[in-house]
Amino acid sequence: MTDSLDRPFAPAEIESACYQLWEDQRVFHPQGGNSTYCIMLPPPNVTGTLHMGHAFQDTLMDILTRRARMQGKQTLWQPGTDHAGIATQMLVERRLEAQGEKRHQLGRSAFLEKVWQWKEESGGHISRQMRRLGASCDWSRERFTLDEGLSHAVTEVFVRLHEEGLIYRGKRLVNWDPVLQTAVSDLEVVSSEEGGKLWHIRYTLTDGSGSLVVATTRPETLLGDVAVAVHPEDERYQALIGKTLRLPITGREIPIIADDYVEVEFGSGCVKITPAHDFNDYQVGQRHHLPLLNIFTSDARIRDEIEVVSGSIGDTQIPEELRGLDRYASRKRLLALLEVEGSLVQTDEHRLMIPRGDRSQAVIEPYLTDQWYVRVGPLAEAATEVVRAGKIRFVPENWTRTYYDWMERIEDWCISRQLWWGHQIPAWYGPDGNIFVTRTEEEAQHAAAAHYGMPVVLERDADVLDTWFSSALWPFTTLGWPEQTPDLREFYPTSVLVTGFDIIFFWVARMIMMGQHFTGQVPFREVYVHGLILDGEGQKMSKSKGNVLDPIDLIDGIDGEALVAKRTQGLMQPQMAEKITKATRKDFPNGIPAFGTDALRFSFASIATQGRDLRFDLKRVEGNRNFCNKIWNAARFALMQIPEDADLHGARELLPPERWIIGRLQEAEASVNDAIEQYRFADAAHALYQFFWNDYCDWYIELSKTVLRPESSFSAAEIRGSRYTLLAVLEAALRLAHPFMPFLTETLWQRVAERLGKEGKTIALTAYPVADLQRVDQEADADLAWLMAFVGALRSVRGEMDIAPSRELPVLLQGGKDSDRERLERLSVWLRSLARMGEVEWLAAKAEGPPAALQLLGELRILVPLAGLIDVDAEYQRLSKEEARLQGEQDKVQKRLAQPSFRERAPAEVVAKEEARVQELTNALQELAEQRRRLDALR
RNA sequence: GGGCGGUUAGCUCAGUUGGUAGAGCGUCGGCUUUACACGCCGAAUGUCGGGGGUUCGAGCCCCUCACCGCCCACCA
């Protein structure tokens with residue numbers, strides 16, 4: 001540990017030493033306790049780097065984890081990383097391409113070797129960054145979705161689901177990414193409105209009696225048309241249903257069918273039906289037993305010949321000039337042909353939803369392929385039920401509805417991907433295509449031998465599983481499943497899942513389905529759904545916008561040009577670089593100062609409200625860095641006040657300030673605990689901030705100076721009480737703050753605890769404070785409220801009248817109760833030091849005092865004589881303003897009281913309160929008016 | 001088309017059973033007061049998006065409108 005506190009707060013100096021201490025002491029290993037607490041880290045991409053969203057989420061998890069650990073629970077925060085199939089494979093492919101190599105030239109095993117190599121190189125990065133954040137994961141248990149144990153579990157799950165008929169293989173339309181050349185799930189497709197056209201194309205009736213016009217946004221699929229559909233009740237086309245049309249270009253004959261999928265109002269009310277290239281048309285095709293004609297290759301080019309997947313047609317020829325053309329080139333060409341033919345009757349601008357792959361951004365093509373699916377119906381039902389039954393609670397609760405809605409409409413999950421990086425599907429094919437799904441190749445061989453009556457050569461399915469398949473198992477596979485390990489027994493179901501709403505469907509729902517199915521228990525009891533971190537302008541942070549902040553830069557600081565370089569390097573659109581450079585130089589002319597981890601963490605906690613979007617403002621971090629500094633200096637002060645040889649454990653007597661601050665501490669403890677329990681991190685942070693800065697520093701430290709100063713007239717027991725309280729309250733506050741600011745609190749605690757003679761190697765394993773509200777002392781609270789109001793009154797006079805702080809204020813008192821006199825006796829020593837109150841004199845009740853500034857403290861009149869001190873005009877104005885304010889309030893209250901219905905219906909205590917208030921206001925107004933008259937005479 | 005959020009001080013946002021509107025930042029004035037100028041003291045600032053309703057009483061409950069944002073959805 002760094003030793004000297006004789007310097008300003010310097011986070012960089014303390015952070016690494018603290019983390020070292022925690023790891024050396026094995027602080028993060030589960031230990032002790034009769035109850036358990038467990039959080040699963042949502043596994044980040046193994047080759048990724050920490051972004052603001054991670055840092056935010058990790059901070060919240062760490063707060064929960066550290067508090068639970070300090071509460072003495074056996075606590076595990078399980079870390080690990082995800083192989084992130086598509087993302088990682090794309091990245092490695094891009095790197096290879098930069099070196100002039102291609103995935104397919106390398107071949108599967110050589111390519112995979114390259115990916116593993118990349119994983120080894122960049123794999124530890126994100127966990128090192130998490131350590132910088134202070135994350136208290138048990139790193140000795142770190143897992144990776146592709147490591148041996150987890151892969152084994154994935155196979156086990158696949159095989160079991162297959163045996164139960166919940167996994168099947170089928171040929172149907174999938175979302176096909178023609179760039180990545182793989183199927184993706186519904187969730188990986190993001191549709192957004194884009195500009196396009198609506199083409200109107202004429203199809204002529206084969207009997208020569210006329211024609212129809214169909215409207216389409218995808219003319220290039222025309223070659224795959226198998227029918228034209230109209231609405232069954234559409235009067236315009238009644239007579240045509242059942243007739244046939246001639247497809248433009250090729251002249252193939254197709255029927256006119258009736259299906260109520262067609263919207264009468266849209267376009268011409270006629271829809272071309274292309275079952276192999278459109279999800280709706282597929283349904284229509286199924287209903288009407290139409291052929292399935294595939295016209296595209298896997299990279300979305302026109303085939304050389306139509307592939308008849310089912311049904312039959314006469315001619316499968318494709319015009320030579322279209323063959324091999326990309327879908328957009330073929331669209332252009334085909335439109336030209338239609339134009340020539342005279343079939344293109346109209347072209348309209350049209351906005352439509354374009355589906356794109358969330359990784360590649362390629363336009364997704366509905367494409368007929370063989371894929372593996374999870375039959376989610378039964379799983380979803382069970383997963384809905386556990387939420388309904390309250391076994392899983394969403395926080396905030398309104399996400400429950402989103403969850404239900406999705407679960408009700410969920411479709412089977414396409415889990416196979418035509419990638420190489422991932423868990424290869426444990427399925428083997430016999431020579432005749434028979435499928436053997438087994439745990440190992442040997443088992444498949446046995447099964448095949450039994451099936452065919454002789455050994456055969458099997459071919460393994462080349463596909464891998466969707467990354468989210470293994471992620472769905474994360475809560476139990478990381479704990480050793482399928483083995484019934486002690487960890488699994490101890491920590492499963494886990495306590496809470498902390499996650500963003502963007503992956504409720506991808507991940508949360510699937511974990512619930514799989515967890516419930518395979519363990520018979522929910523994977524977690526609560527789901528805390530947090531908001532999304534946006535930049536200061538409310539924009540989503542993204543590399544392409546150039547507004548990304550790196551959490552590590554906020555901790556260590558970064559100079560302006562380095563930040564510019566970082567933001568403009570490796571852009572997908574290099575032309576943005578100039579704009580980003582300009583904006584960055586404007587927003588961060590001096591770069592970013594080093595705020596330290598604790599300030600960053602505290603900032604994350606303080607913006608963690610229940611909203612959906614959370615703007616991240618650097619000013620806030622700066623403010624919290626100042627808070628860290630405040631704590632640092634307060635601790636320095638406390639330690640400085642207490643001589644090395646001071647005996648803190650002799651007889652102690654507690655003065656009102658001590659009794660008061662102890663009470664405030666209890667209330668702060670209650671607020672913080674209560675807030676964390678409800679996942680109200682911002683409230684918890686606020687309570688801490690408020691207590692430490694406003695109560696402890698602004699008032700208590702200042703009050704203690706009076707007792708602890710060298711010429712103090714307080715007794716030894718009182719001084720000891722004050723010294724002890726100063727340190728003990730600080731020590732408790734450090735423990736209370738530790739989950740939020742682990743580094744700062746650890747460093748200071750080492751020194752404070754030593755001085756207090758407290759045992760323990762680290763604050764991380766001390767007891768988390770629990771409020772004892774019995775210790776809130778009503779009398780002390782009343783004393784301090786009086787004292788603070790008195791000090792406030794004098795400071796207000798001083799501030800508004802511009803009286804130098806060095807100048808003592810003489811005070812005249814008048815009126816008031818016995819308690820005011822009694823308190824003045826006991827508390828004036830603090831009034832003198834905090835407000836620099838000078839001579840005090842009591843005036844007789846009716847006596848006419850000298851011209852003075854007036855402040856009211858209940859029935860007590862506090863007068864600061866004007867002679868030589870006060871500007872009469874200024875005080876006159878101040879009084880007038882104050883009068884106006886009170887008058888306004890009095891009017892409001894009186895109006896309320898004047899209503900008979902208020903007296904009749906409002907609770908008696910509310911009425912009494914209002915009456916007391918109006919009385920008080922009336923008195924005050926009288927006093928002020930009188931005082932103003934007196935001053936008026938002097939002007 | 002359906003659903004969910006949001007609209008409160010110059011800015012960013014709190015406001016949990018309906019009972020006298022708050023914080024941080026910023027602004028203005030003063031201050032080398034024996035931890036901290038990353039500080040201290042004082043001050044200013046809101047028709048709580050519009051309209052209607054319930055209620056003795058509404059920022060909070062109900063209805064409605066407007067604007068902003070997000071998610072879901074098969075009008076080719």
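By convention in this document, chain letters (A, B, ...) are assigned in the order of the sequence lines, proteins followed by strands, and residues within each chain are numbered from 1. Note that these values count all heavy atoms, side chains included, but never hydrogens, waters or copies made by symmetry.
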Determine the contact category for [X]: base if any of its heavy atoms lies under 4.0 Å from a base atom, sugar-phosphate if only primed atoms, P, OP1 or OP2 are that close, otherwise nothing.
X: A:P900; answer: nothing
X: A:Q678; answer: base
X: A:E889; answer: base
X: A:D683; answer: base
X: A:E702; answer: base
X: A:I701; answer: base
X: A:V262; answer: base
X: A:R903; answer: nothing
X: A:A682; answer: nothing
X: A:H350; answer: sugar-phosphate
X: A:C628; answer: nothing

Query raised in the report: Can a donor-acceptor pair be found between the side chains of A:Q678 and A:D674 at a distance below 3.5 Å?
Result: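 Yes, a side-chain donor-acceptor pair sits under 3.5 Å.
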Query raised in the report: Judged by modelled atom types alone, do A:Q887 and A:Q890 share a side-chain donor-acceptor pair under 3.5 Å?
Result: yes
Query raised in the report: Quick one: on RNA chain B, does A:R218 or A:K619 contact a more 5' nucleotide (nearest heavy atom)?
Result: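 The answer here is A:K619.
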Query raised in the report: Which residue, A:T216 or A:K881, contacts RNA chain B at a nucleotide closer to its 5' end, judged by nearest heavy atom?
Result: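 Taking each residue's closest nucleotide, the earlier one in sequence belongs to A:K881.
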Should [X] be listed as having a side-chain N or O under 4.0 Å from OP1 or OP2 of [N]?
X: A:W699; N: B:C41; answer: no
X: A:N626; N: B:G39; answer: yes
X: A:H686; N: B:C13; answer: no
X: A:K892; N: B:G57; answer: no

Query - Geometric cation-pi criterion A:K705 and A:F637, 6.0 Å radius, 45° cone - result: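 That pair qualifies as a cation-pi contact.
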Selection from [options] that lies nearest to any side-chain heavy atom of [X]:
X: A:R636; options: B:G15, B:A73, B:A35; result: B:A35
X: A:R615; options: B:C74, B:U12, B:C71; result: B:U12
X: A:R620; options: B:A76, B:U16, B:U12; result: B:U12
X: A:S796; options: B:G42, B:A76, B:C74; result: B:G42
X: A:R917; options: B:A73, B:C36, B:U20; result: B:U20
X: A:R625; options: B:G19, B:C38, B:C36; result: B:C38
X: A:T609; options: B:A14, B:C36, B:G42; result: B:A14
X: A:N398; options: B:C4, B:A35, B:C31; result: B:C4

**Report entry** Residues A:E537, A:K545: salt bridge by 4.0 Å N-O rule
**Finding:** no
Report task. For the pair A:R755 and A:E731, find out whether any cationic side-chain nitrogen is under 4.0 Å from an anionic carboxylate oxygen. Result ->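 Salt bridge flag = no for A:E731 with A:R755.
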Spacing between [X] atom [atom1] and [N] atom [atom2], to the nearest angstrom:
X: A:R401; N: B:G5; atom1: CZ; atom2: C1'; value: 13 Å
X: A:E808; N: B:U33; atom1: CD; atom2: P; value: 16 Å
X: A:L618; N: B:G26; atom1: CG; atom2: P; value: 13 Å

Work out how far the [atom1] atom of [N] is from that of [M], and round it to whole angstrom.
N: B:C72; M: B:G24; atom1: P; value: 38 Å
N: B:G3; M: B:G59; atom1: C1'; value: 25 Å
N: B:A58; M: B:G49; atom1: P; value: 15 Å

**Report entry** Aromatic ring proximity A:F740/A:F627, centre distance under 6.0 Å
**Finding:**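 Between A:F627 and A:F740, which both carry aromatic rings, the centre distance is not below 6.0 Å.
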Query - ring pair (Phe, Tyr, Trp, His ring centres under 6.0 Å) assessment of A:W176 paired with A:Y367 - result: CA-CA 6 Å; A:W176 183 262; A:Y367 195 59; 5.3 Å; yes
